Amino acid sequence: MHYLERTIDGGKARFVAYAPSNTPEVDPDLRRTAVLIIPGGGYAMTSDREAEPIALRFLAEGYAAFVLRYSVAPDVYPTALLQAAEAMRLIRAHADEWHVDAGRVAVLGFSAGGHLAANLATTAGDGDLREHGIDPDAVRPNALMLAYPVITSGPMAHRGSFENLLGNRKDDAALRAELSIERHIDAKTPPVFVWHTMTDGSVPVENTLMLVQARRDAGVSVEAHLFPEGPHGLALGTAQTARAGQAEDIVPCVQHWPELAAAWLERTFA
């Protein structure tokens, strides 16, 4: 198993790889699907609960897992997007060393990390990537997985995420529209798996519903799961990832989402 940690963007971001080794007893030439995990935190922090526990869960399912701890406020857009692009570049550049199939790289984003993941996967940030000499298609993931994502900058927005992301440009209407993901769903958007709870009190479920509608309008594949209960930020929905003293973070119906996501990945990359 290759476990390594490196910095991105002068040390402001941290990239951690959990890449299983191959064995001649099974398949010395095995190429795994990779999952780049992007934790949430309202662009103010990156959650521990949505980082290593998620990586270990996908590692146990036979995937190579990677975690990006990206820059947050006071750093502003497009810093985190550029870091996510570099993380994707690293995975594909080291595909041989890490036994990864460079054509099967999924990104999994939680909450504000879901916004970052979707920004990378859609055409929303293409212009900003090009301005920094990055080919958007070269760093676009092959599949997009989202957990209770921040999607819209409109009336149903999670205001704190956009305030932290944009800093003193938070009132720039054109920029906010550019970063409203539902406006940027097109044929370049990879297949999407998304889940949310109906009772999310922080990021309204309408964010996911708007994403689903936009994908339907564009004729792009989407699998969505709406669970009847549970607060925002559930991670795995188990005691392992529950916030200290928060019994409501243990939600049995939500605990099935990693299995659903893994089954979806297998079908998507079949």
Side-chain angles (χ1 to χ4, degrees), residues 8 31 33-38 63 66 68 70 77-93 95 100-154 157 161-162 165-166 174-196 207-225 261 264-270:
I8 293 176
R31 292 292 186 124
T33 295
V35 180
L36 172 62
I37 298 157
I38 304 183
Y63 299 97
F66 304 87
L68 175 66
Y70 51 93
Y77 184 80
T79 300
L81 177 63
L82 300 177
Q83 294 166 347
E86 174 61 11
M88 285 294 298
R89 189 199 67 78
L90 281 171
I91 293 169
R92 288 185 170 135
V100 162
D101 185 332
R104 300 201 315 260
V105 183
V107 61
L108 167 58
F110 294 79
S111 191
H115 181 268
L116 176 54
N119 195 8
L120 182 69
T122 66
T123 56
D126 281 12
D128 298 292
L129 291 173
R130 290 192 186 97
E131 283 186 14
H132 289 82
I134 300 168
D135 176 3
D137 293 328
V139 295
R140 207 179 310 281
N142 306 104
L144 174 62
M145 298 188 290
L146 301 170
Y148 39 87
V150 173
I151 295 295
T152 185
S153 65
S161 289
F162 287 97
L165 177 63
L166 301 180
L175 181 56
R176 290 177 69 92
E178 176 188 337
L179 297 176
S180 202
I181 299 300
E182 76 279 7
R183 296 171 176 258
H184 302 281
I185 304 298
D186 58 23
K188 284 192 172 184
T189 309
V192 172
F193 173 95
V194 59
W195 70 270
H196 218 123
N207 280 257
T208 284
L209 296 177
M210 293 171 75
L211 173 69
V212 170
Q213 186 62 57
R215 294 192 66 80
R216 180 177 172 82
D217 292 344
V220 182
S221 173
V222 60
E223 179 173 322
H225 295 271
W264 175 81
L265 274 176
E266 291 301 314
R267 293 194 304 273
T268 298
F269 291 140

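In this text, all values refer to a predicted model and were calculated from it rather than measured experimentally.
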Contacts of Asp126 meeting side chain to side chain contact (heavy atoms under 4.5 Å, CB included) (sequence neighbours excluded), chain-then-number -> Thr123, Arg130, Pro136, Arg140

Side-chain heavy-atom pair Leu144, Pro190 within 4.5 angstrom cut-off: yes

When you compare the side chain of Tyr77 with that of Asn119, does any pair of heavy atoms fall below 4.5 Å?
yes

- May I ask you to decide if Val150's main-chain N or O and Asn207's side chain share a donor-acceptor pair within less than 3.5 Å? no

Sorted by chain and residue number, the side chain to side chain donor-acceptor pair (under 3.5 Å) partners of Thr208 (sequence neighbours excluded) come out as His196

- Task: Take Phe110 and Ile37 through the test side chain to side chain contact (heavy atoms under 4.5 Å, CB included) and record every step on the way to the result.
- Result: CA-CA 8 Å; Phe110 294 79; Ile37 298 157; 4.1 Å; yes

Output for pair (Glu86 CD, Leu68 CG), nearest 0.5 Å, gives 10.0 Å

His225 meets the ring pair (Phe, Tyr, Trp, His ring centres under 6.0 Å) criterion, sequence neighbours left out, with Phe193

Looking only at heavy atoms, the pair that brings Ala147 and Trp195 closest together is CB-NE1, 3.3 Å

So CG of Leu165 and CG of Leu179: to nearest 0.5 Å the spacing works out to 6.0 Å

For Arg104, the side chain to side chain donor-acceptor pair (under 3.5 Å) test, sequence neighbours excluded, returns Thr33, Asp101

task = Verify side chain to side chain contact (heavy atoms under 4.5 Å, CB included) between Leu120 and Ile38, making sure each step is shown before the conclusion.
result = CA-CA 11 Å; Leu120 182 69; Ile38 304 183; 5.5 Å; no

Hits for ring pair (Phe, Tyr, Trp, His ring centres under 6.0 Å) against Tyr63, two or more places apart or cross-chain, chain-then-number order -> Phe58

Closest non-hydrogen contact found for Thr122 with His184 is CB-O, 3.5 Å

By side chain to side chain donor-acceptor pair (under 3.5 Å), Gln213 pairs with (sequence neighbours left out) Asp217

The side chain to side chain contact (heavy atoms under 4.5 Å, CB included) partners of Ser180 (sequence neighbours excluded) come to Thr152, Ser153, Glu182, Arg183

With sequence neighbours left out, the residues meeting side chain to side chain donor-acceptor pair (under 3.5 Å) with Arg216 are none

In terms of heavy-atom contacts, Ala224 and Val212 come closest through CB-CG2, 3.8 Å

By side chain to side chain contact (heavy atoms under 4.5 Å, CB included), Thr79 pairs with (sequence neighbours left out) Asp9, Lys12, Ser71, Asp75, Gln83

- Query: Side chains of Leu82 and Ile134: does their closest heavy-atom pair fall under 4.5 Å?
  - Reply: yes

Sorted by chain and number, sequence neighbours left out, ring pair (Phe, Tyr, Trp, His ring centres under 6.0 Å) with Phe162 holds for His115

In short, Leu36 meets Ala84 closest at the heavy-atom pair CD2-O, 4.4 Å

Nearest heavy-atom contact between Gly103 and Phe269 is O-CE2, 4.3 Å

In sequence, state the C-alpha distance, the side-chain angles, and the governing distance for Val192 and Val220, and then conclude on side chain to side chain contact (heavy atoms under 4.5 Å, CB included).
CA-CA 8 Å; Val192 172; Val220 182; 5.9 Å; no

Salt bridge (charged side-chain N to carboxylate O under 4.0 Å, His left out) filter on Glu178, not counting sequence neighbours, yields none

Quiz item: Quick one: does Glu131's side chain get under 4.5 Å of Pro78's, heavy atoms only?
Solution: no

Output for pair (Ile151 CD1, Ile185 CD1), nearest 0.5 Å, gives 7.0 Å

Sequence neighbours excluded, the answer for side chain to side chain contact (heavy atoms under 4.5 Å, CB included) partners of Ala102 is Arg92, Ala95

Close side-chain approach of Met145 and Val35, heavy atoms under 4.5 Å:
yes

Tightest non-hydrogen contact, residues Leu211 and Leu146, listed as CD2-CD1, 3.6 Å

Backbone of Ser221 reached by a side-chain donor or acceptor of Arg215 within 3.5 Å = yes

